[in-house]
Amino acid sequence: MSQFQDKYDVIILGAGAAGLMCAITAGQCGLRVLVLEKANRIGKKILMSGGGRCNFTNLNTTPDNFISANPHFCKSALARYTPWDFVEMVNRHAIAWHEKGPGQLFCDHSSKDIVAMLAQECSQAGVEIRTRCDIAQVEKQGDFQLQTSLGNPSATNLVIATGGLSIPKMGASDFGHKLARQFGLDVLPLRAGLVPFTLSGTELEHWSSLSGVSIAVEAQCTAARFMENMLFTHRGLSGPALLQLSSYWQPGEPIYTDLMPGTDAAVWLEEKRTSHPKQSLRNALAQVLSKRVAELFCNRVLGTSVDATTALTDLNREAMQNIAKHLNQLRWKPSGTEGYRTAEVTLGGVNTDEISSKTLRAHKVPGLYLIGEVLDVTGQLGGYNFQWAWASGWCAGEALAGNAQAA
Ligand code: FDA
């Protein structure tokens with residue numbers, strides 16, 4: 001037996017961050033809203049985000065924090081629904097939060113608080129939510145008509161909010177991208193972002209013993225640079241600096257890390273040699289890199305050319321230059337990334353040329369809206385992806401309500 005009413009104003013596919021925000025906004029304006037979710041519960045990615053504390057926004061959000069083939073697309077939504085608008089909702093629900101990095105807001109207790117808040121807002125707005133719902137078919141014959149495992153609902157409007165491909169074991173899939181293509185929309189190539197790098201061969205053999213060690217670096221590839229921490233893993237390199245870089249990195253290109261960010265290593269070495277001539281190279285480096293990293297750096301970079309126990313005063317000019325160069329610009333050749341298995345986001349997605357930046361409606365399909373990560377808008381690390389989900393969801397909800405009033 002069907003669990004649905006005869007007809008809805010809007011059906012939203014996906015009860016994630018963007019879908020729930022859109023549902024709340026449209027529901028509060030009196031629209032009959034149905035949210036269909038494939039998983040057994042709503043907001044699963046919110047629950048696992050921010051190490052369980054959900055980095056729910058970033059107060060310093062600007063369009064520059066986003067990657068998209070059209071960098072202007074996100075501007076309208078971000079300007080109309082700001083981080084403070086979301087903070088207002090969080091405060092209204094008395095959810096305690098704190099600022100961790102610059103502008104990065106996290107829950108004091110748990111991501112569950114954010115999901116509970118969204119669920120309560122949905123309930124107050126009269127939104128119907130169905131979980132464990134498999135959608136077999138979506139057709140547009142005037143209205144949108146769906147065939148699902150729970151019945152066959154229809155609606156005037158359809159919102160695709162099915163997110164990206166990251167963490168497939170949680171149910172992420174390309175359903176939304178396929179559906180967009182079914183309606184004739186262009187989808188730009190998809191790629192894992194905010195994802196650890198993998199190393200291979202001798203490079204991995206050499207550095208993987210540092211697995212778990214974190215150091216401050218400036219990491220760089222052709223298109224971007226980030227000053228943050230780098231974490232050695234048993235597969236390669238991770239940590240905020242490298243996760244950020246992964247969204248800009250092109251397969252095959254090398255990356256460089258400055259192990260002494262903000263310091264000219266040549267000048268530092270020269271000064272060390274003057275002040276502590278008898279100190280060994282290894283001990284000098286241990287003061288800035290830690291003992292373990294210094295040890296491996298010496299073995300890897302200097303090889304047999306210079307003994308790490310050599311006193312600074314005995315290093316010749318060529319060796320000094322070589323060491324300094326590698327300290328400020330250590331080259332890595334990633335074999336790839338860990339892919340969607342551990343990625344936080346999906347780069348690429350539905351081409352924003354197909355969508356109105358103000359209403360999030362598809363230009364060529366009346367009543368079809370796309371929001372959140374399924375679109376080709378990807379935020380940097382630090383709460384920006386949720387802010388895009390809230391903002392795009394809110395704008396679509398407003399547009400749906402505006403349309404209904406006008407009709
Ligand atoms: P989201 O993925 O949230 O929701 C999509 C929903 O659609 C899911 O519930 C999914 O099950 C459902 N769905 C998929 N296919 C379906 C189908 N066929 N039928 C019905 N439903 C379907 N961002 C940030 O700003 N701060 C942070 O702290 C973090 N932390 C973080 C940690 C980890 C481990 C990950 C993987 C990601 C993050 N992110 C993040 C990124 C953030 O989670 C992500 O960008 C947003 O959740 C995107 O919101 P959406 O609503 O677009 O997709």
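Here the structure is a predicted model, which means the values were calculated and not measured. Both counts, for ligands and for their atoms, begin at 1 and track the order of listing.
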Check ligand 1 against Gly14 and write out every atom of the ligand that is under 4.0 Å from a heavy-atom position of the residue. 6 (C), 7 (O), 12 (C), 21 (N)
From the options Gly163, Ser166, Gly16, select the one whose nearest heavy atom is closest to atom 53 (O) of ligand 1. Gly163
Quick test: of every protein heavy atom, which one is nearest to atom 41 (C) of ligand 1, and how far off is it to 0.1 Å? Glu344 O, 3.7 Å
Per-atom contacts, ligand 1 versus Asn55 - under 4.0 Å to a heavy atom: 24 (C), 25 (O), 26 (N), 27 (C), 28 (O)
Any heavy atom of Ala343 sitting closer than 4.0 Å to ligand 1? yes
Please state which protein non-hydrogen atom is closest to atom 20 (C) of ligand 1 and give its distance, to 0.1 Å? Lys38 N, 3.2 Å
Going by the order shown, which atoms of ligand 1 are within less than 4.0 Å of some heavy atom of Gly372? 52 (O)
Modelled atom types, side-chain donor and acceptor of Asn351 and Asp376, under 3.5 Å: no
Pairwise side-chain contact, Asn328 with Asp264, heavy-atom cut-off 4.5 Å (strictly under): yes
Taking atom 11 (O) of ligand 1 as the reference point, the nearest protein heavy atom with its distance: Glu37 OE2, 2.6 Å
List the closest protein heavy-atom neighbour of atom 18 (N) of ligand 1: residue, atom name, distance to the nearest 0.1 Å. Phe175 CG, 3.1 Å
A student checking ligand 1 against Glu373 at a 4.0 Å heavy-atom cut-off should list atoms 44 (C), 45 (O), 46 (C), 48 (C), 52 (O)
Answer with yes or no whether the side chains of Thr61 and Gln387 bring together a donor and an acceptor at under 3.5 Å. no
Starting from atom 27 (C) of ligand 1, find the nearest protein heavy-atom neighbour and note its residue, name and distance. Phe386 CE1, 3.6 Å
In the protein, what heavy atom is nearest to atom 30 (N) of ligand 1, and what distance, to one decimal place, separates them? Ser49 CB, 3.2 Å
May I ask you to check whether Trp388 and Tyr384 place their ring centers less than 6.0 Å from one another? no
Around Arg41, counting heavy atoms of other residues, nucleotides and ligands shown, do more than 12 lie under 6.0 Å from its CZ? no
Run down the list Met21, Met48, Lys178, Gln380 and name the one with the heavy atom closest to atom 34 (C) of ligand 1. Met48
Under 4.0 Å to a heavy atom of Tyr384 - the qualifying atoms of ligand 1, by number: 25 (O)
